[in-house]
There are 2 protein chains.
Amino acid sequence: MAPTPQWVKELKPSGPQGHELLKQERAKSKLPVEQLSQFLFTRGGLERKHGILAILEKEKVFYKSQNYFAGRVDRFETALARAKRLRQLTVQHGWSVEDFRAATELISEPGPYGLHESMFLITLRDQGTPQQREKFYKPALNYEIIGCYAQTELGHGSNVRGLETTATWNAEDQTFTIHSPHLTASKWWIGSLGRTANHAVVMAQLVIAGRSHGPHPFVVQIRDLKTHEPLENIHIGDIGPKFGYNTMDNGFLLFNNVKIPHFNMLARFSSVDPQTNRYMRPSSPSLVYGTLTWVRSTIVMQAGGVLARGVTIATRYCAVRRQFQDRDAPEWEKGENQVLNYTMVQIRLLTLLAATYALHFTGKGMMQLYETNQNKMSQDVGQVGSAQRGAGPEETHSGSDLLADLHATSCGLKSLASTIAAEGLETCRRACGGHGYSSFSGIGPWFADYLPTTTWEGDNYMLSQQVARYLLKSARSVMKGEKPTNDTTQILSNFLAKSDIGAAFDVLGRDEDIVAAFAWRTAFLTFEALKHRDEQKKAWNDLLVDFYRLSRAHSQYLVVKNFYETLQSPSLTAELDPETVTVMYKLFRLHSLHTLENEASEFYTSSAVTVRQIQLARTSAVMRLLEELRPHAVRLVDAWDFPDWQLDSSLGRYDGKVYEDMFYRASEQNPLNAITVDPYPDSPVLFKKNDSAQFKSKL
Amino acid sequence: MAPTPQWVKELKPSGPQGHELLKQERAKSKLPVEQLSQFLFTRGGLERKHGILAILEKEKVFYKSQNYFAGRVDRFETALARAKRLRQLTVQHGWSVEDFRAATELISEPGPYGLHESMFLITLRDQGTPQQREKFYKPALNYEIIGCYAQTELGHGSNVRGLETTATWNAEDQTFTIHSPHLTASKWWIGSLGRTANHAVVMAQLVIAGRSHGPHPFVVQIRDLKTHEPLENIHIGDIGPKFGYNTMDNGFLLFNNVKIPHFNMLARFSSVDPQTNRYMRPSSPSLVYGTLTWVRSTIVMQAGGVLARGVTIATRYCAVRRQFQDRDAPEWEKGENQVLNYTMVQIRLLTLLAATYALHFTGKGMMQLYETNQNKMSQDVGQVGSAQRGAGPEETHSGSDLLADLHATSCGLKSLASTIAAEGLETCRRACGGHGYSSFSGIGPWFADYLPTTTWEGDNYMLSQQVARYLLKSARSVMKGEKPTNDTTQILSNFLAKSDIGAAFDVLGRDEDIVAAFAWRTAFLTFEALKHRDEQKKAWNDLLVDFYRLSRAHSQYLVVKNFYETLQSPSLTAELDPETVTVMYKLFRLHSLHTLENEASEFYTSSAVTVRQIQLARTSAVMRLLEELRPHAVRLVDAWDFPDWQLDSSLGRYDGKVYEDMFYRASEQNPLNAITVDPYPDSPVLFKKNDSAQFKSKL
């Protein structure tokens, strides 16, 4: 590639410059960004992040600039190099779990150790006996063995009970035979398996004397610890390229009657007695669902931050980008208008900005609920959950009220929060116009890597059935006259008590009435569904669409409620000045009223609000909130405190030097510009490779 | 990579097999697939496609199997090789324009000649004088020069009038100086420019004696015809990786006072008189918008087929994939349920299936409208449109009724149709569960390549302003008592005449009432918007959200109307048997009622329907239509007649051998499986590259 000529180097963007515009934006509002960041993340959290960032930025292997150019193999090799370096730094600096998590968030790339560091370790820790922990968990913690969690199969994702891989007990030599009877039994999508792992926790149907006891976890060594070649009668590989997540080696795994010792069945909760050849039942099956609830809660907790990256990038860029004059502006006002001033952009971006805060507070609430439950369970049984993934607790045990509520809440909120985050990122990308499509926007690659979250750990549509089942059950108990035991049964009884006299919520005047209107609609839909199911005896399958709507309504209520409760908490007024508190209330109203208006027909139908209120919510309340929040937009995204190094985005730069950065990356960092082609149809493709073909080499 | 062991080769998916399930599906319905395909595409169209497919399949360069593994540079080189081979085949077989288009649709990959073959050639043809056509168009047709169309700049996309590149007239030597005064003036996103083109049509502000006359097209040679190096004072390159479209070399282009002769300003409609140094005005400015209207109409025409690919893949896969038992099924019915049987899947996929037909018929209607207009204009002025892109005709001339209607229709439908297609593809991908995320699904890459369509040729949000402006103008004329001259003014007067007595549309009983209800809602929203703008004097910017809704409502009406008119046309009953006609009516109702229900609040507010009707539309009509259409689903997608070679999808295979294909591609075609890594944190990344590292080499 020819060097950039001097006359090009001297060019500047036409004025006003991006950095001037962002400076103006920040001057328009007095919102105390640092105070707000501390409220969101705590001072300690922020200090941790910046301390670790200082270490990571010095490491060349983490430089992101070539991420988007390389092919699959090179990208994977780089990702593995990064994972190794991260591990080395963790040891070297003695990082805690929180430090390590902060580092992975800054790096923001799925890595080949990903499933070793999560499901493999957690499962060994929580489902192993002390002896098994000694043999497997300890070396795994030290990376002497590297593992993965092999549950999903080519033919079975959501339905864990349908797994085809078998683990057959051999009484004669006290072993299990792990076997894949069909092609569809092949383990598939297993993170860290394709190239990296040498061990796997394999979920397989336990068969004893011809009788199946359902899926159980087995530790299987799959590759040689020295040569790293697959062991005999084991076939492994990477499953190929994906929409995103290409730095991870999701793999497949087939077994041809592979024997493993009795010791390798993870036996904390269930086991095979080698003397009697009998199956030992789970001691406390309710504990088995803890890990998946934790995983879902984490997804809820992260959703706000995931979306906030897109909102930060799009908001800053829309403040820098100017396009067209205001149609009503006087002729002498010649300058073009910042795109962020257009209401059609505001209604997309500022509502998502409000959603980032709503999701963040909801995620915190969800985590608190999870921890409350964990503490209660520890008191009850003196031990905590394990990692068997699958169907909900209602199906296998009666369960405590709190656990059932936690399970349903985590299902519904996982579904809603990840849908809002994924679809919101695409809205942010599109709000950036053409440049949103460039990888340098930083939104597209992030979106693609996030997208599987809508499918894994429970498909967002499937999960809604768990929520509906829980709400129907709660409604039945309320109908029977049982006393409310939690918020869900409370809102259902409130509705029943008032359903004759009807509702009259002042959603435009009183914030608590907004929350009440969301509760009312949820209760209305719950009893409608109950009528369809219990009175009209409709088939379950005919109600799935209703159930999805019900789950969505319930989860939207939870988000609105969590946001409102955060505003009511004493810590808010203690930590934030009154003006910032006012802005937080406006974000709450914007999120709630915009959601209400989008779901208008359910709110009408339930009589929670009138047609006139909905009309006013949109044409008056929402539009005015957009106008009032507009001056604070850039500071509100600044408060999310994403370092440029993390965002890796030309459009979202803190300093607004959008065009300079786009141009620099395209012109100086683009390996395609190192080749010269022959453009004519009858010649070969390549004219020559230029000297700087080293661009093509990986990092 | 180790060879696949024999025991793996012998494995089959667990039964029932995919090919058996699809056979059953096809046996459930008697829909005559071939007859329906012919109705959609004509017999000639189908024969053309299959003839060309037979030629393309034999060419190794077009094999798609390695598309998803390579890095950007290799993918681009392969794409250029394909473009060259396609050109060679075109010459060799004497392919017509239609043949060539059929070939590119089968190949389904943006290629480096793309903009040469479209905007460059069209602009030279339509905006050049006979002498200019001789000099530029003729060699371009023969690929002796390769060009691009350079309009968009780093700082200016939508707003063409804001372009910064200047073409200054030099009276002294009768030349123009092309110059980029700022970095933001850099041409950006220009297809075929980055590596391929040696010429460009450059849109630049024409400046004569210090006065600007707006953007005009200039032909500029940018690279040496032999060495292919950029000419002096011209800086060119590829703009870097994107979310999709990475086989295209979208480029940037900067000029440092480059002189071109007077001859190079495309002068069919406007020019500079070299004797008087005066600007010659456009002879017929209304003609200038023809090309962009054509481009938008093409997008509308293609949207149905674009979406149908995703719907075909997802529908077939959801008929093969089985997951969970039906909850209400008796215990002895042990088998898992086809995913397509779940109503939550049907409401996503079958409604999109209906949308593919709706969009297809709308696209045909749009093209007819375009051609009617072209014929009328040819009669009027004896010549056809040209290719200046930018603002709508209302802004520069009063325009004929037909042209204004055509312009607004193409804007609104382009926005609606491409939004439905893009978002629908993502819905299809998600309906495939985890495997939808694999590149082998064929949906993700197709989605990513299609996505820019929502932004280019008029951003889908921006375009809605053009529609609103036209509707407001039409409403004003109706208010003044002017007689209706077209369908738009007709529905507005109908509404005015009846608005006192109100509407009573039997949307559940009469198909024509569905169309009338959509018309009513559009008229209602139009007069609402008119009141806000003309009576309440609201700012234009405060109405953008209303305008977007208005445009959407109007375009949804047009889709419903076009679908209904197709059903009413004599050719339908002539070409299709009665049972197929009945199915078409069901698709019409499903699309219309599902849309009506999604937009329920606007239909209520306009009093077009009652709350009760909406409730029934969903809980009764739509759910019943899903059930009735379910048996025909696979045949209805078969009628779209996509060859497997084109879909390039494991999940969407005609024969249902989904799992075998997924496994084959992952296991035998995946270059990542040719490397063996060292998994431990303190070792280097690569253990060894296996012998079959030739996988890494490009095609």
Side-chain angles (χ1 to χ4, degrees), chain A residues 7-8 11 13-14 68-73 77 80-81 84 87 143 146 154 157 159 182-184 189 195-196 228 235 237-243 256 323-324 327-328 343-344 347 433-434 437 439 444 452 455 461 539-540 544-545 600-601 659 666-667 670 672-673 676-677 679 681 685 687, chain B residues 7-8 11 13-14 68-73 77 80-81 84 87 143 146 154 157 159 182-184 189 195-196 228 235 237-243 256 323-324 327-328 343-344 347 433-434 437 439 444 452 455 461 539-540 544-545 600-601 659 666-667 670 672-673 676-677 679 681 685 687:
Chain A
W7 60 270
V8 171
L11 287 172
S14 56
Y68 313 128
F69 298 101
R72 179 87 205 289
V73 177
E77 288 177 16
L80 182 55
K84 291 185 174 200
R87 171 65 190 165
Y143 291 67
I146 315 280
L154 183 54
N159 185 11
H182 301 105
L183 190 66
T184 37
W189 282 112
R195 297 286 88 192
T196 311
H228 204 60
H235 189 55
D238 171 272
I239 63 163
K242 295 148 290 189
F243 192 66
N256 185 31
Q323 209 83 175
F324 293 105
R327 207 182 140 88
D328 291 322
T343 54
M344 193 64 225
I347 198 131
Y437 202 69
S439 300
T455 300
Y461 292 102
W540 186 263
L544 295 181
V545 180
S601 81
Y659 299 117
S667 175
N670 183 351
L672 188 56
N673 288 328
T676 302
V677 304
V685 164
F687 196 73
Chain B
W7 61 269
V8 172
L11 288 172
S14 55
Y68 314 128
F69 298 101
R72 177 89 206 289
V73 175
E77 288 177 16
L80 183 56
K84 291 184 175 202
R87 170 67 190 165
Y143 291 67
I146 314 281
L154 183 54
N159 184 10
H182 302 103
L183 191 66
T184 38
W189 282 111
R195 297 286 88 193
T196 310
H228 204 59
H235 189 56
D238 171 272
I239 63 163
K242 295 149 290 190
F243 192 66
N256 184 32
Q323 207 82 175
F324 292 103
R327 207 182 140 89
D328 291 321
T343 54
M344 194 64 226
I347 196 128
Y437 202 69
S439 300
T455 301
Y461 292 101
W540 185 263
L544 295 181
V545 180
S601 80
Y659 299 117
S667 174
N670 183 350
L672 187 56
N673 289 328
T676 301
V677 303
V685 165
F687 195 73

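Below, chains carry the letters A, B, ... as their sequence lines are ordered, and counting in each starts from 1.
- Every side chain to side chain contact (heavy atoms under 4.5 Å, CB included) that T184(A) has, sequence neighbours left out, goes to E164(A), H182(A), P13(B), S14(B), Y659(B).
- Of the two parts of I146(B), only the side chain, counted from C-beta on, holds a non-hydrogen atom closer than 4.5 Å to a non-hydrogen atom of chain A.
- The candidate from L11(B), T455(B), L183(B), L154(B) with the greatest count of non-hydrogen atom pairs under 4.5 Å with chain A is L183(B).
- Under the ring pair (Phe, Tyr, Trp, His ring centres under 6.0 Å) criterion, Y68(B) pairs with no residue at all, not counting sequence neighbours.
- Heavy atoms closer than 4.5 Å to chain B are found in the side chain of I347(A), but not in its backbone.
- Residue with the most contacts toward chain B among T196(A), L544(A), I239(A), N256(A): N256(A) (heavy-atom pairs, distance under 4.5 Å).
- Proximity of W189(B) to K242(B): side-chain heavy atoms (C-beta onward) are separated by under 4.5 Å at one or more points.
- T343(B) touches chain A through backbone and side chain together, each having a heavy atom under 4.5 Å away.
- Contact annotation for W7(A): only side-chain heavy atoms (C-beta onward) come within less than 4.5 Å of a heavy atom of chain B.
- Most heavy-atom pairs under 4.5 Å with chain A: of the set Y461(B), Y437(B), W540(B), this distinction falls to Y437(B).
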ask   = Can you list the steps and then say if V677(B) with E77(A) is a side chain to side chain contact (heavy atoms under 4.5 Å, CB included)?
value = CA-CA 8 Å; V677(B) 303; E77(A) 288 177 16; 5.8 Å; no
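- With a threshold of 4.5 angstrom between heavy atoms, S439(A) approaches chain B through its backbone and through its side chain.
- Within the 4.5 Å cutoff, the side chain of R72(A) has heavy atoms near those of the D238(A) side chain.
- The choice from G444(B), A81(B), P241(B) that makes the most heavy-atom pairs within less than 4.5 Å of chain A is P241(B).
- In plain terms, the two heavy atoms of P681(B) and K84(A) that are nearest each other are O-CB, 3.4 Å.
- S667(A) places a side-chain heavy atom less than 4.5 Å from the side chain of H235(B).
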